[in-house]
Amino acid sequence: MDNLSDTLKKLKITAVDKTEDSLEGCLDCLLQALAQNNTETSEKIQASGILQLFASLLTPQSSCKAKVANIIAEVAKNEFMRIPCVDAGLISPLVQLLNSKDQEVLLQTGRALGNICYDSHEGRSAVDQAGGAQIVIDHLRSLCSITDPANEKLLTVFCGMLMNYSNENDSLQAQLINMGVIPTLVKLLGIHCQNAALTEMCLVAFGNLAELESSKEQFASTNIAEELVKLFKKQIEHDKREMIFEVLAPLAENDAIKLQLVEAGLVECLLEIVQQKVDSDKEDDITELKTGSDLMVLLLLGDESMQKLFEGGKGSVFQRVLSWIPSNNHQLQLAGALAIANFARNDANCIHMVDNGIVEKLMDLLDRHVEDGNVTVQHAALSALRNLAIPEAAEQLGKNVKLVERLVEWCEAKDHAGVMGESNRLLSALIRHSKSKDVIKTIVQSGGIKHLVTMATSEHVIMQNEALVALALIAALELGTAEKDLESAKLVQILHRLLADERSAPEIKYNSMVLICALMGSECLHKEVQDLAFLDVVSKLRSHENKSVAQQASLTEQRLTVES
């Protein structure tokens, strides 16, 4: 390393008087020293103060500009050298060199700027101020179609530079998006899909940019879906597929892109992965199965993509997803139940699925998890049933004694709040959506009333409300059948408490009063209402700020006065 000190001294002199031959020799020595021990050589370069002289060797006229840029690229691999490179004023001349026509100069300059930007706020700011990003994007555009290896290497370096420049920086990513980087990168991916290094760079760049909301519209206007699916089909290695998944997941949050991915044949790829990996216990395969089936469920969140895959219930995709539910793989059962919940966002789909025995499949699934208590799967299956309980199907579900008995049982699953909540909500939905006496009778006979009364005291207003509306329907349609259960569940006392409580939401007060009026038809409950001095609480609500509550209070007061 001693001759390094000599080289640095010599370089100081030659850099000033620019004696070409000896200058080249010194630079070669530096590159050699960096190759042997980058960190130590970089420290010496910094200590020697030579960095400041490099700016003058980076002019377009300089014959050794490519070598100097290469040295800067090498030293900037060290974090401690990045700010010194900025302070030495190297960014502006480097960005100027991006206008060169010489491929080697462009390559080394791109490397130097990319390394200086890596995890360095100062580096990025300096490149931003010097306008480096736009020049690089222009190069990517003009060089995009040339497929010789040297050009592909340059394109890879430029993509890498833009990534280091904008990584985890929202405002710089937004800047690149406004400069139109997305269509350019998508085009690159299409043309250079044979080149692994460049493809990988594009994918990482997409992964970064796709997190930004503003990028999704730009992506949707390109053929990214087609390119990614094409690339995905070619990949055999787990890591490469994982990289593509990481781009697909954020993109698939956009409904237009969901549809494009479905049309590009992504679903078939995902189903194939599931088929290949379902029985494997290798960790990579388990991960891929989860990622693939999760993505499948995500695609079903778009209305158009979901209908396209349902195909009136005849679709092969729908049939395959259906077969996940009875499988022995928990991840697939979960994805199957979530997929059914998504298909059930459309009423015609619900009717088709209920007519074709989906309820039994979901109940079998629930039964299988009662013992081992896989709560996530249970929760998903119950959500699917709740989505299926639309008015046209709710009566069929609510008259299913086995289902109702099961729900009543799970309403007591104290250890699993999610399952308990979903079961209660489903019981209430069966009554609210069917408005059927038979359904109410089934629920009364199965012992479900006490759970609906408890649900009226839930900490979630939405659940309280659903319970009160269901109870009001019970009181209106089948009071005689239910009165004993309503009495033993202390419903009247609970209503008194809800009306007296200042914190109860207006809709809770409103529905509680509607329910009180409906209960007056039962002798034993009527007596309880009289004993609890409801009139005092109700007359106070006549001046409530919410008009509906105030009106309902007047009506209820009249009713209570007439009946007393």
Side-chain angles (χ1 to χ4, degrees), residues 152-153 155-156 159-160 163-164 167-168 185-186 188-211 215 219 223-254 257-258 260-301 305 309 316-317 320-321 323-325 327-339 374 376-377 380:
E152 291 196 316
K153 192 175 175 193
L155 289 171
T156 307
C159 282
M163 268 168 35
N164 288 352
N167 188 28
E168 290 183 356
L185 288 173
V186 175
L188 271 182
L189 181 69
I191 296 172
H192 303 275
C193 54
Q194 303 302 332
N195 183 311
L198 184 48
T199 301
E200 205 160 300
M201 277 297 178
C202 286
L203 287 174
V204 179
F206 290 148
N208 289 345
L209 296 169
E211 298 293 337
S215 74
F219 275 119
N223 62 339
I224 180 92
E226 209 179 311
E227 295 297 355
L228 288 174
V229 173
K230 203 161 67 185
L231 192 63
F232 192 83
K233 286 178 177 162
K234 279 198 288 217
Q235 301 306 330
I236 303 137
E237 294 164 56
H238 168 76
D239 294 347
K240 291 273 163 51
R241 298 223 283 217
E242 207 52 34
M243 276 186 83
I244 301 175
F245 271 142
E246 278 170 20
V247 180
L248 286 170
L251 286 180
E253 285 166 13
N254 174 289
I257 299 176
K258 281 189 185 74
Q260 291 169 4
L261 288 168
V262 169
E263 286 169 346
L266 178 61
V267 173
E268 289 70 16
C269 298
L270 297 176
L271 289 173
E272 202 174 308
I273 286 182
V274 167
Q275 207 167 359
Q276 289 166 2
K277 313 288 178 187
V278 65
D279 298 318
S280 166
D281 43 18
K282 290 204 337 234
E283 198 166 318
D284 279 357
D285 290 347
I286 294 169
T287 313
E288 214 164 300
L289 178 77
K290 179 174 176 3
T291 316
S293 51
D294 283 350
L295 187 51
M296 180 78 200
V297 172
L298 181 57
L299 291 175
L300 292 173
L301 277 170
S305 47
L309 294 171
S316 59
V317 175
R320 285 280 282 283
V321 167
S323 72
W324 293 357
I325 294 175
S327 81
N328 289 320
N329 183 301
H330 284 186
Q331 171 58 33
L332 277 195
Q333 295 167 354
L334 174 63
L338 292 170
N374 185 319
T376 336
V377 174

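- Scanning both residues, Cys193 and Lys234, for their nearest heavy atoms gives SG-NZ, 3.4 Å.
- Listed by chain and residue number, nothing satisfies the salt bridge (Lys or Arg N to Asp or Glu O under 4.0 Å) test with Asp279 (two or more places apart in sequence, or in another chain).
- Closest heavy-atom contact between Ala335 and Ser293: CB-CB, 3.7 Å.
- Taking SG from Cys159 and CG from Asn164, the interatomic distance works out to 11.5 Å, rounded to the nearest 0.5 Å.
- The distance from atom CG of Leu334 to atom CD1 of Ile325, rounded to the nearest 0.5 Å, is 10.5 Å.
- Among residues two or more places apart in sequence or in another chain, the side-chain contact (heavy atoms from CB on, under 4.5 Å) test is passed with Val278 by Asn329, Leu332.
- Applying the side-chain hydrogen bond (donor to acceptor under 3.5 Å, both in side chains) rule to Ser305 yields no partners; only residues at least two apart in sequence or on another chain are considered.
- Phe232 places a side-chain heavy atom less than 4.5 Å from the side chain of Ile273.
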Report, one line per pair, each donor and acceptor closer than 3.5 Å where one atom sits in a side chain of residues 198-208; sequence neighbours left out.
| unit_1 | atom_1 | unit_2 | atom_2 | d |
| --- | --- | --- | --- | --- |
| Thr199 | OG1 | His192 | O | 3.4 |
| Thr199 | OG1 | Asn195 | O | 2.7 |
| Asn208 | ND2 | Asn167 | OD1 | 3.4 |

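- A search for side-chain hydrogen bond (donor to acceptor under 3.5 Å, both in side chains) contacts involving Asn223 returns Glu227, not counting sequence neighbours.
- Here OG1 of Thr291 is found 11.0 Å from NZ of Lys277. Values are rounded to the nearest 0.5 Å.
- With rounding to the nearest 0.5 Å, the separation of CD in Glu263 from NZ in Lys258 is 14.0 Å.
- Every residue meeting the side-chain contact (heavy atoms from CB on, under 4.5 Å) condition with Ile191, not counting sequence neighbours, appears here in chain and number order: Cys144, Ser145, Thr147, Lys187.
- Every side-chain hydrogen bond (donor to acceptor under 3.5 Å, both in side chains) that Gln333 has, sequence neighbours left out, goes to His369.
- Val297 and Ala339 make their closest contact through CG2-N, 4.3 Å (heavy atoms, listed as atom of the first residue, atom of the second, distance).
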**OP:** List the steps, then state whether side chain to side chain contact (heavy atoms under 4.5 Å, CB included) holds for Trp324 with Leu271.
**Re:** CA-CA 11 Å; Trp324 293 357; Leu271 289 173; 3.7 Å; yes
If you apply the rule side chain to side chain contact (heavy atoms under 4.5 Å, CB included), what do you find for Val321 with Leu309, and how did you get there? CA-CA 10 Å; Val321 167; Leu309 294 171; over 6 Å; no
Quick one: side chains of residues 238-250, donor-acceptor pairs under 3.5 Å with protein atoms, not counting sequence neighbours, listed by atom name and distance.
| unit_1 | atom_1 | unit_2 | atom_2 | d |
| --- | --- | --- | --- | --- |
| His238 | ND1 | Glu288 | OE1 | 2.7 |
| Arg241 | NE | Glu288 | OE2 | 2.7 |
| Arg241 | NH1 | Gln235 | O | 3.4 |
| Arg241 | NH2 | Glu288 | OE2 | 2.6 |

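- Atom-to-atom distance recorded for Leu338:CG and Thr376:OG1 is 9.5 Å, nearest 0.5 angstrom.
- Looking at residues two or more places apart in sequence or on another chain, you find a side-chain hydrogen bond (donor to acceptor under 3.5 Å, both in side chains) between Asn328 and Arg368.
- Under the rule for a salt bridge (Lys or Arg N to Asp or Glu O under 4.0 Å), the partners of Lys290 that lie at least two apart in sequence or sit in another chain are Asp294.
- A distance of 7.5 Å separates CG of Asn254 from CD of Gln260, quoted to the nearest 0.5 Å.
- Under the rule for a salt bridge (Lys or Arg N to Asp or Glu O under 4.0 Å), the partners of Glu253 that lie at least two apart in sequence or sit in another chain are Lys216.
- In this structure Ser323 satisfies the side-chain contact (heavy atoms from CB on, under 4.5 Å) test with no other residue, sequence neighbours excluded.
- Ala252 and Leu261 get closest at one heavy-atom pair: CB-CD1, 4.0 Å.
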